[in-house]
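Note sheet for the following structure.
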Amino acid sequence: MIKFFLMVNKQGQTRLSKYFEHVEIHKRTSLEADVIKSCLSRTKDECSFVEYKDFKLVYRQYAALFIVIGVDEAENELAVYELVHNFVEVLDKYFSRVIMFNLDKVHIILDEMILNGRIVETNKSRILAPLLVLDKMAES
Amino acid sequence: MPAVSKGDGMRGLAVFISDIRNCKSKEAEIKRINKELANIRSKFKGDKALDGYSKKKYVCKLLFIFLLGHDIDFGHMEAVNLLSSNRYTEKQIGYLFISVLVNSNSELIRLINNGIKNDLASRNPTFMNLALHCIANVGSREMAEAFTADIPKILVAGDTMDSVKQSAALCLLRLNRTSPDLVPMGEWTSRVVHLLNDQHLGVVTAATSLITTLAQKNPEEFKMSVSLAVSRLSRIVTSASTDLQDYTYYFVPAPWLSVKLLRLLQCYPPPEEGAVRGRLTECLETILNKAQEPPKSKKVQHSNAKNAVLFEAISLIIHHDSEPNLLVRACNQLGQFLQHRETNLRYLALESMCTLASSEFSHEAVKTHIETVINALKTERDVSVRQRAVDLLYAMCDRSNAQQIVAEMLNYLETADYSIREEIVLKVAILAEKYAVDYTWYVDTILNLIRIAGDYVSEEVWYRVIQIVINRDDVQGYSAKTVFEALQAPACHENLVKVGGYILGEFGNLIAGDPRSSPLIQFNLLHSKFHLCSVPTRALLLSTYIKFVNLFPEIKATIQDVLRSDSQLRNADVELQQRAVEYLRLSCIASTDILATVLEEMPPFPERESSILTKLKKKKGPGKVPDMEETKKERNSDMNGSTEPVSVNSSAVTMSTPSTSTDLLGLGLAPVLNSVAPASAGGSLLVDVFSDNSPAVASLAPTAEENFSSPRIGSADVVSDDPAAAVHDADELVNKFVCKNNGVLFENQLMQIGLKSEFRQNLGRMYIFYGNKTSTQFLSFSTAVICQDALKTHILLHLFCITKQVDPAVDGGAQVQQILNIECVSDFMEAPILNIQFRYGGALQNMSVKLPVTLNKFFQPTEMTSQDFFQRWKQLSIPQQEVQKIFKAKHPMDTEVTKAKIIGFGVALLDMVDPNPSNFTGAGVIHTKNIQVGCLLRLEPNTQAQMYRLTLRTSRETVSQRLCELLSEQF
């Protein structure tokens, strides 16, 4: 299963975090710092999967943004790697720019894609459907 | 599509986030955050009712603050209110707050359950989804209690919207994860399985996740899913790349769903039904074929998605391990990837090939890639890829290529990353032992290991080389010669000094005929290293010296001089000083015969699983080390097999399980302890040897004296009790406490001893209550705890007990309490003895009771799925790891009582793991300071015969045995 989902910038600041297993808040910060360190220090030649403690990190870089997913051994690394891209494409489709100011909406998107640590929907238009409902309500 | 841009929505939030981003220091950030928190708090507490928009804005700010790592301790009530709102925007933000910030133990759950209930009943799919997402994210026990009845209904109801079904499936999965006991299996299960046929692929995706998890727990009940999954997979695989519309990702039809279906199929053996099996084989072939077709797109997303499916298909092929044709094709495919320019693919190919290597059908095919893998080890720029290459070399190693692989690994070790050196050392040590035809090669390899990476050679490795040298006559002379030569190097690693010291102490005589390695030269060589070594090594060398006194009487005087020097006799280290004093004394007073007996050559070690293998397994976690014992039986070496069984010598058992620095001392002492240990444990060998020489016995004891103040059992002063009987009876008492922690331990006319104890991991605390049942005061009341096993190892109490002394006077009718802190250092057999002494009416009372501190007290239960259980069960398949006992029921065979006892024993009771529902299975980990031992148990009652069969598997023979003894007394 997927254990956590992190969006981090190059400075190592967490931009979005979502945990699918409960982690104490003080442990989150150190875990995030650790995870980010192990991904940021890697070069392009190195592979996108990092063994970290008893799970694996799958990460992908988009300009200054890193997306890191922690998974256990029951996940397929490449499938998760492409899940990241699918997620980014959904964001691209919906937002024109800075997602930070729309944290709540990113969470909605993530909730549509991953629930309880499992991939639940991969179809972009269906992922965005609830957000569109929301936007319609806001307009009226 | 509305394009949302900066500033859209909440301005205040944007300003706040910009402020934080512009903070120059951590302090400034914290200051800004505290200001904002104060502001929000006052807004929430203020009289003015906030409108929905403001509430939403503030909750968003709180979320952002939480994200930065600050705990949020307010705002929850506002979130609950938002959640109950009828406006979707407010409700959504309320749910978001709860699911991000609230952990499953919060009391708030009760408050939100009501809101969730309303939303679930609302029939508004958007609201229902929010509620279901919340349950899936939080999933507390309270939620499980409130909703387990509703969710299956929602999931299988005909009129439920697709998106709601998806959420409901994952929601049910969550509840099953947190509270499996509350989620009833029932008529809905077969309908869930049929969701695999749903026309909506989103629903199928969600349902596959749910079914996979449930099928791991109840394979029988979900067996039907196999054929449905195969036909669904087949439809996807054969569909044109545009058929599945939005579920096609870069021309790959439904890649994530395909991966999930292939995972689901890995819960089962190959389908029995011919048609299904044929169809599946076709699917797998199609997937393998597609890998050879030209790509439909140059985009990396296309090849990644395609390969995700391909790797999962290969996993399934390996899991089934039944179609030689597919296995070889899979191997060839992975071989192509080994040379691919994408690092990710090379990494995954190495990883996947590692499991393929253990299949008998494809082992040979994997071996053909050896050069590529060795090359990867040399040229890969990513340490994690090199690590995979090491793993694969290890997995593909057999007798035919062992020399090459070991040589390559040794080569690589010189430049290997520090992070993986220790593991490579372990692997080299294991392979060298396993595939050694010629043991001189083995000895050379290990000495090379110490030379190249001495710091990474753990104790297990050098203990093992000693065990092997001691057990094999043919290699002893060679070893002595080789270590002697290796020690000539001006700077050699301390581990080499240890091995050298030990081996020369045992077999130095075999090379003493050569004038270049005469006794004196051997001694001087070792002693030249002495002062550079740490205390444990020096202690070992002192033992070597006393062994030399026996081997080479001609240098006795030289050695005595060394022992007599102030730097030894008056060494600040108590252990060294004591050894020097005792060895010196021994060398002076003992006759040659006695010396020869005491310092006899070490007896062979009992054959057992290499402790190195255990260590590697522990390091890599279960499942990661391909179990070569099992899968490659035909290629198994004779190392562990052919040597004739040796009689088990009690001291040898202690020595042969070295795993820590304390045991290291034990090994260091071995030459002498060989005979000392049994004596102190109750006296056999040494007492015979010394018969009339008891002062020598006392002075030989190298540990602190309290270990030797043996209980004064049988003292004439005892009036009311025969203490020997008390100790004996206590065995029954110990059994009584195996599955429980509190109760009355002991009672006679004078006193009652009550117990309360608690254990956590390797630590325990025991409260002992001594009640004076008489009306007279007990005087000089004192207690002592004696650990028997401690006497055997000499170095450290296996159970490390610290007692706080009690008041020496106990009034009539009064009760005093004593606290005992217990640390389990390594596994042990004997329970400690509590010795109590006091004066009652002028007579000295003395009694001894066994304390119910048993190995099982240090269990931590482990929950696992049926699949995990059997996988681990299989891994522990070496005969010594399993202990089985068949015994007659002593009590009525009541399922509930049995369950309670198994739980009381300390393991997790695993429901639905065993295919036979009347059997019990359990799993747990024994925690000791030195090691952790995983343990699986299975209890099979036979009510007709009134018998039980109990099987225990752990990685340690002694643990399996002890646990079996303990538990079998309970039923």
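Just so we're on the same page: letters track the sequence lines, and every chain starts at 1.
- Looking at A:E121, both its backbone and its side chain come within 4.5 Å of chain B, counting heavy atoms on both sides.
- By number of non-hydrogen pairs under 4.5 angstrom with chain A, the leading residue of B:V383, B:L257, B:L96 is B:L96.
- At a 4.5 Å heavy-atom cutoff, B:L210 makes no contact with chain A through either its backbone or its side chain.
- Between the side chain of B:N307 and the main chain of B:S303, a donor-acceptor pair closer than 3.5 Å is present.
- Taking chain B as the reference chain and counting heavy-atom pairs below 4.5 Å, the highest number among A:K124, A:R126, A:E112 is found for A:R126.
- Interface summary for chain B: among A:K44, A:H26, A:M1, A:K56, the most heavy-atom pairs under 4.5 angstrom belong to A:K56.
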Inset, instruction - May I have the step-by-step check of ring pair (Phe, Tyr, Trp, His ring centres under 6.0 Å) for A:F55 and A:F4, ending in yes or no? - result: CA-CA 11 Å; A:F55 50 94; A:F4 57 79; 5.7 Å; yes
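- Contact tally against chain B (heavy-atom pairs below 4.5 Å) for A:N116, A:V50, A:L78, A:V120: the top residue is A:N116.
- If you check the side chains of B:S85 and B:E90, you find a donor sitting under 3.5 Å from an acceptor.
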Legend entry - Trace of the side-chain contact (heavy atoms from CB on, under 4.5 Å) decision for A:K93 with A:L128: CA-CA 9 Å; A:K93 196 168 171 187; A:L128 288 174; 4.1 Å; yes
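- With a 4.5 Å cut-off on non-hydrogen atoms, B:H302 does not touch chain A at all.
- Heavy-atom distances place both the backbone and the side chain of B:T89 under 4.5 Å from chain A.
- For the set B:N137, B:V59, B:T212, the entry with the most heavy-atom pairs within less than 4.5 Å of chain A is B:N137.
- Side chains of B:R263 and B:S315: a donor-acceptor N/O pair is absent below 3.5 angstrom, by distance only.
- Under the 30°/60° scheme for interplanar angles, the aromatic rings of A:F5 and A:F87 are found to stand perpendicular.
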Inset, instruction - Please step through side-chain contact (heavy atoms from CB on, under 4.5 Å) for the pair B:Y247 and B:V204, ending with a clear verdict. - result: CA-CA 12 Å; B:Y247 287 90; B:V204 184; over 6 Å; no
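- Residue contact with chain B, scored on non-hydrogen atoms closer than 4.5 Å, involves the side chain of A:T29 exclusively.
- Within the 4.5 angstrom heavy-atom criterion, atoms from both the backbone and the side chain of B:L173 approach chain A.
- Side chain to side chain, B:N344 and A:S48 meet the donor-acceptor criterion of an N or O pair below 3.5 Å.
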Inset, instruction - Run the numbers on A:E82 and A:R60 for salt bridge (charged side-chain N to carboxylate O under 4.0 Å, His left out), then give the verdict. - result: CA-CA 9 Å; A:E82 283 311 313; A:R60 205 157 171 166; 2.9 Å; yes
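- In terms of modelled atom types and a separation under 3.5 Å, the side chain of A:N76 and the main chain of A:A79 share a donor-acceptor contact.
- With a threshold of 4.5 angstrom between heavy atoms, A:L83 approaches chain B through its backbone and through its side chain.
- With a 4.5 Å cut-off on non-hydrogen atoms, B:F66 touches chain A through its backbone and its side chain both.
- For A:Q11, no part lies near chain B; criterion is any non-hydrogen pair under 4.5 Å.
- At a 4.5 Å heavy-atom cutoff, the contact between A:A74 and chain B is made by backbone and side-chain atoms alike.
- Residue B:F97: no heavy atom, backbone or side chain, is found under 4.5 Å from chain A.
- For A:I25, the part lying under 4.5 angstrom from a heavy atom of chain B is the side chain only.
- For B:E351, the part lying near chain A is the side chain, with the backbone staying farther off; criterion is any non-hydrogen pair under 4.5 Å.
- Between chain A and the residues B:A136, B:A254, B:A207, the most heavy-atom pairs under 4.5 angstrom are made by B:A136.
- Heavy-atom distances place both the backbone and the side chain of B:D162 under 4.5 Å from chain A.
- In this structure, B:Y88 and B:F127 have parallel ring planes: the angle between them is below the 30° cut-off, well short of the 60° mark.
- Heavy atoms closer than 4.5 Å to chain B are found in the side chain of A:Y81, but not in its backbone.
- A donor-acceptor pair under 3.5 Å is absent between the side-chain atoms of A:N9 and the main chain of A:L65, judged by distance alone.
- In this structure, the portion of B:Q92 lying under 4.5 Å from any heavy atom of chain A is its side chain and not its backbone.
- At a 4.5 Å heavy-atom cutoff, the contact between B:R177 and chain A is made by side-chain atoms alone.
- Side-chain contact, B:T248 with B:D246: no donor N or O sits under 3.5 Å from an acceptor N or O.
- Heavy-atom distances place no part of B:S258 under 4.5 Å from chain A, backbone and side chain included.
- A:D135 has a carboxylate O that lies under 4.0 Å from a charged side-chain N of A:K105, or vice versa, which qualifies the two as a salt bridge.
- Interface summary for chain A: among B:H70, B:H200, B:R87, B:R346, the most heavy-atom pairs under 4.5 angstrom belong to B:H200.
- Within a 6.0 Å sphere centred on CG of B:D71, other residues, nucleotides and ligands contribute more than 12 heavy atoms.
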